[in-house]
Amino acid sequence: METVIEIKNLTYLYPTGNKALDNLNLSVSKGERIAVVGPNGAGKSTFILHLNGILNGDGHIKVMDMDMEKGNLPRIRQKVGIVFQDPDHQLFSPTVFDDVAFGPINLGFSEKEVRDRVREALEEVGLSGFEERLPHRLSFGEKRRVSIASVLSMSPSILVLDEPSSSLDPRSRRELINLLKGFDITQIIVTHDLEMALELCKRVVVMDR
Ligand code: ADP
């Protein structure tokens, strides 16, 4: 199996001296869907922020044959799409179109390509035709799906989701699980939702301090 993420001896101290990651090792294979679980404060968010170089601890991280270093960050950030827990932190544009188009526009695609990507990404999350809607007026479940679309529009190879099922009602949660089940790209799902982890993931990584 091709390895898409390789992390060796990753340690991270916050400037406060708080050791959030202590010698973390993990490999993820292409197409794998893994759950990362652990109590609050275990370091899950800190771990995620290392996957596209927002944080930079000691140790070694490789994403699809690219070492985590400054020169590779633009490509790594296109390959690793992170969906944050709070959609209000991810969505900031006046329309759904603008939010989902933001990544592709930044990657320099033509207007037509941007439009095509937005349409396809919204289709993938079951929100076709939502282009002109206002993100802040959507339901929480719809916002979560627009957040996912805003990452899918960059055609990532690895999708990282922080607590994707949190704050969803049972029906939206079910729709989300079915959605993630349908994607064949590599997924790293940080969650407290153990039933979802069991249903979606063959492997569960437990973090504790
Ligand atoms: P989790 O996502 O599993 O709840 P975090 O990665 O948020 O865990 O936190 C891991 C540890 O790092 C905790 O002890 C937390 O208090 C600490 N921490 C998180 N963010 C910061 C920060 N910005 N400054 C200092 N310590 C932090």
Side-chain angles (χ1 to χ4, degrees), residues 4-5 30-31 33 45 48-55 63-64 66 68 70-169 171-191 200:
V4 290
I5 294 185
K30 185 173 177 183
R33 194 155 55 206
S45 306
I48 285 182
L49 294 173
H50 278 83
L51 294 177
N52 68 2
I54 295 174
L55 293 180
V63 175
M64 306 177 74
M66 291 177 282
M68 188 66 72
K70 211 165 176 204
N72 289 331
L73 285 186
R75 281 190 60 214
I76 289 177
R77 286 180 179 161
Q78 190 254 309
K79 292 291 177 198
V80 181
I82 301 186
V83 180
F84 291 100
Q85 185 173 354
D86 185 349
D88 291 328
H89 292 165
Q90 194 125 17
L91 306 175
F92 48 80
S93 304
T95 67
V96 167
F97 179 89
D98 292 338
D99 264 325
V100 181
F102 184 82
I105 288 172
N106 270 294
L107 292 175
F109 290 113
S110 71
E111 208 178 307
K112 176 177 186 308
E113 174 85 24
V114 170
R115 247 169 235 295
D116 288 347
R117 281 173 172 256
V118 171
R119 189 176 23 79
E120 282 161 23
L122 287 175
E123 205 173 287
E124 277 192 88
V125 300
L127 293 179
S128 287
F130 271 58
E131 280 88 341
E132 299 313 319
R133 298 282 292 270
L134 313 181
H136 66 274
R137 293 270 178 80
L138 299 176
S139 75
F140 195 85
E142 288 165 345
K143 284 185 190 176
R144 168 90 7 104
R145 284 190 279 153
V146 174
S147 301
I148 296 174
S150 73
V151 164
L152 290 181
S153 61
M154 289 190 279
S155 320
S157 302
I158 300 158
L159 188 60
V160 181
L161 302 119
D162 192 0
E163 293 282 0
S165 66
S166 72
S167 315
L168 294 182
D169 62 37
R171 185 188 193 162
S172 308
R173 173 179 172 276
R174 175 45 48 197
E175 286 169 357
L176 174 92
I177 293 174
N178 291 343
L179 188 68
L180 298 181
K181 220 185 245 178
F183 295 158
D184 50 14
I185 63 174
T186 310
Q187 292 170 52
I188 297 176
I189 306 173
V190 169
T191 188
L200 285 178

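Numbering starts at 1 and runs along the sequence shown.
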What verdict does the side-chain contact (heavy atoms from CB on, under 4.5 Å) test give for I148 and L176, after you've listed the backbone C-alpha separation in whole Å, the side-chain angles of each residue and the deciding distance to 0.1 Å?
CA-CA 10 Å; I148 296 174; L176 174 92; 3.7 Å; yes
From [X] [atom1] over to [Y] [atom2], what is the distance, rounded to the nearest 0.5 angstrom?
| X | Y | atom1 | atom2 | result |
| --- | --- | --- | --- | --- |
| I185 | L152 | CD1 | CG | 6.0 Å |
| S153 | R117 | OG | CZ | 7.5 Å |
| R137 | E142 | CZ | CD | 13.0 Å |
| L200 | L161 | CG | CG | 10.0 Å |
| F109 | R115 | CZ | CZ | 15.5 Å |
| I76 | L51 | CD1 | CG | 10.0 Å |

Mark yes when over 12 heavy atoms from residues, nucleotides or ligands other than R75 sit less than 6.0 Å from its CZ; otherwise mark no.
no
Are [X] and [Y] close enough that some pair of their side-chain heavy atoms sits under 4.5 Å apart?
| X | Y | value |
| --- | --- | --- |
| P156 | V151 | yes |
| F140 | P87 | yes |
| I189 | P164 | yes |
| K181 | R33 | yes |

side-chain contact (heavy atoms from CB on, under 4.5 Å) evaluation trace for M68 with L73:
CA-CA 7 Å; M68 188 66 72; L73 285 186; 3.6 Å; yes
Check the pair S172, R144 against side-chain contact (heavy atoms from CB on, under 4.5 Å), reporting the backbone distance first and the verdict last.
CA-CA 10 Å; S172 308; R144 168 90 7 104; over 6 Å; no
Among all residues two or more places apart in sequence or in another chain, which pass the salt bridge (charged side-chain N to carboxylate O under 4.0 Å, His left out) test with E132?
none
Contacts of P135 meeting side chain to side chain contact (heavy atoms under 4.5 Å, CB included) (sequence neighbours excluded), chain-then-number -> L91, V96, D99
With sequence neighbours excluded, tell me which residues meet side chain to side chain contact (heavy atoms under 4.5 Å, CB included) with D86.
D88, H89
Keeping [X] on the side-chain end and [Y] on the backbone end, is there a donor-acceptor pair under 3.5 Å?
| X | Y | result |
| --- | --- | --- |
| E124 | A149 | no |
| Q90 | V146 | no |
| S150 | V100 | no |

Might you point out which heavy atoms bring P94 and L134 nearest each other, and give the distance in Å?
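Here P94 and L134 meet closest at O-CD2, 3.5 Å.
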Pair D162, I82 - check side-chain contact (heavy atoms from CB on, under 4.5 Å), show working.
CA-CA 8 Å; D162 192 0; I82 301 186; 5.8 Å; no
